[in-house]
Amino acid sequence: MTRTPYDPTRLIRFLLHHAANGVAAGWTVLLLLIWADVGGLGSLLWGSDQRELATAIMAGAFGVTFGLVGIVYGVLVVLPNSD
């Protein structure tokens, strides 16, 4: 049995991959919430003078939240099942 050399960038790439997937999922959910006007969110945004700022703040919040969920999923589900 031969051991593979330690690659310090492997974990970073793994985490960035899952974080990017989570951010993409979060932005998709936000887009669907705005488009479907769930709870009047789309109407509230389009009627606001600061719609770009509000959208950017929500995109940041959704991106961070779903990005962390993606990392947790990768560490708790994918990593233990990998060879």
Side-chain angles (χ1 to χ4, degrees):
M1 177 174 175
T2 60
R3 292 183 60 164
T4 59
Y6 175 70
D7 182 15
T9 62
R10 185 174 178 207
L11 177 61
I12 294 171
R13 286 188 315 229
F14 177 82
L15 292 176
L16 287 176
H17 170 77
H18 286 284
N21 286 340
V23 169
W27 288 348
T28 303
V29 168
L30 177 61
L31 180 67
L32 290 174
L33 288 174
I34 293 171
W35 178 74
D37 200 21
V38 175
L41 182 63
S43 301
L44 186 65
L45 276 176
W46 286 113
S48 172
D49 294 338
Q50 301 290 324
R51 75 180 73 129
E52 294 86 7
L53 179 62
T55 304
I57 290 172
M58 287 193 313
F62 272 69
V64 167
T65 302
F66 280 74
L68 289 174
V69 169
I71 290 173
V72 168
Y73 174 78
V75 170
L76 294 180
V77 176
V78 175
L79 197 59
N81 295 327
S82 65
D83 291 328

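- Atoms CD1 and CG, from Ile12 and Asp7 in turn, are 9.0 Å apart once rounded to the nearest 0.5 Å.
- Residues Val77 and Phe14 share a hydrophobic cluster, clusters being chains of Ile/Leu/Val/Met/Phe/Trp/Tyr side chains in contact below 4.5 Å.
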Anything under 3.5 Å between a donor and an acceptor, one on a side chain of residues 53-67, the other on a protein residue two or more places apart or in another chain? List them.
unit_1: Thr55; atom_1: OG1; unit_2: Arg51; atom_2: O; d: 2.7
unit_1: Thr65; atom_1: OG1; unit_2: Ala61; atom_2: O; d: 2.8

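- Cluster annotation: Val29 and Ile34 are assigned to the same hydrophobic cluster (Ile/Leu/Val/Met/Phe/Trp/Tyr, side-chain heavy-atom contacts under 4.5 Å, transitive).
- Follow the hydrophobic side-chain contacts under 4.5 Å out from Leu31 and you never reach Val23; the two are in separate clusters.
- Here the OG1-CG distance, from Thr9 to Leu16, works out to 10.5 Å after rounding to the nearest 0.5 Å.
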I'd like a table of donor-acceptor pairs (distance under 3.5 Å, sequence neighbours excluded) in which one partner is a side-chain atom from residues 42-50, with atom names and distances.
unit_1: Ser43; atom_1: OG; unit_2: Asp37; atom_2: OD1; d: 3.4
unit_1: Ser43; atom_1: OG; unit_2: Asp37; atom_2: OD2; d: 2.8
unit_1: Ser48; atom_1: OG; unit_2: Gln50; atom_2: N; d: 3.0

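- Counting heavy atoms from C-beta outward, Val38 and Leu32 have side chains that stay 4.5 Å or more apart.
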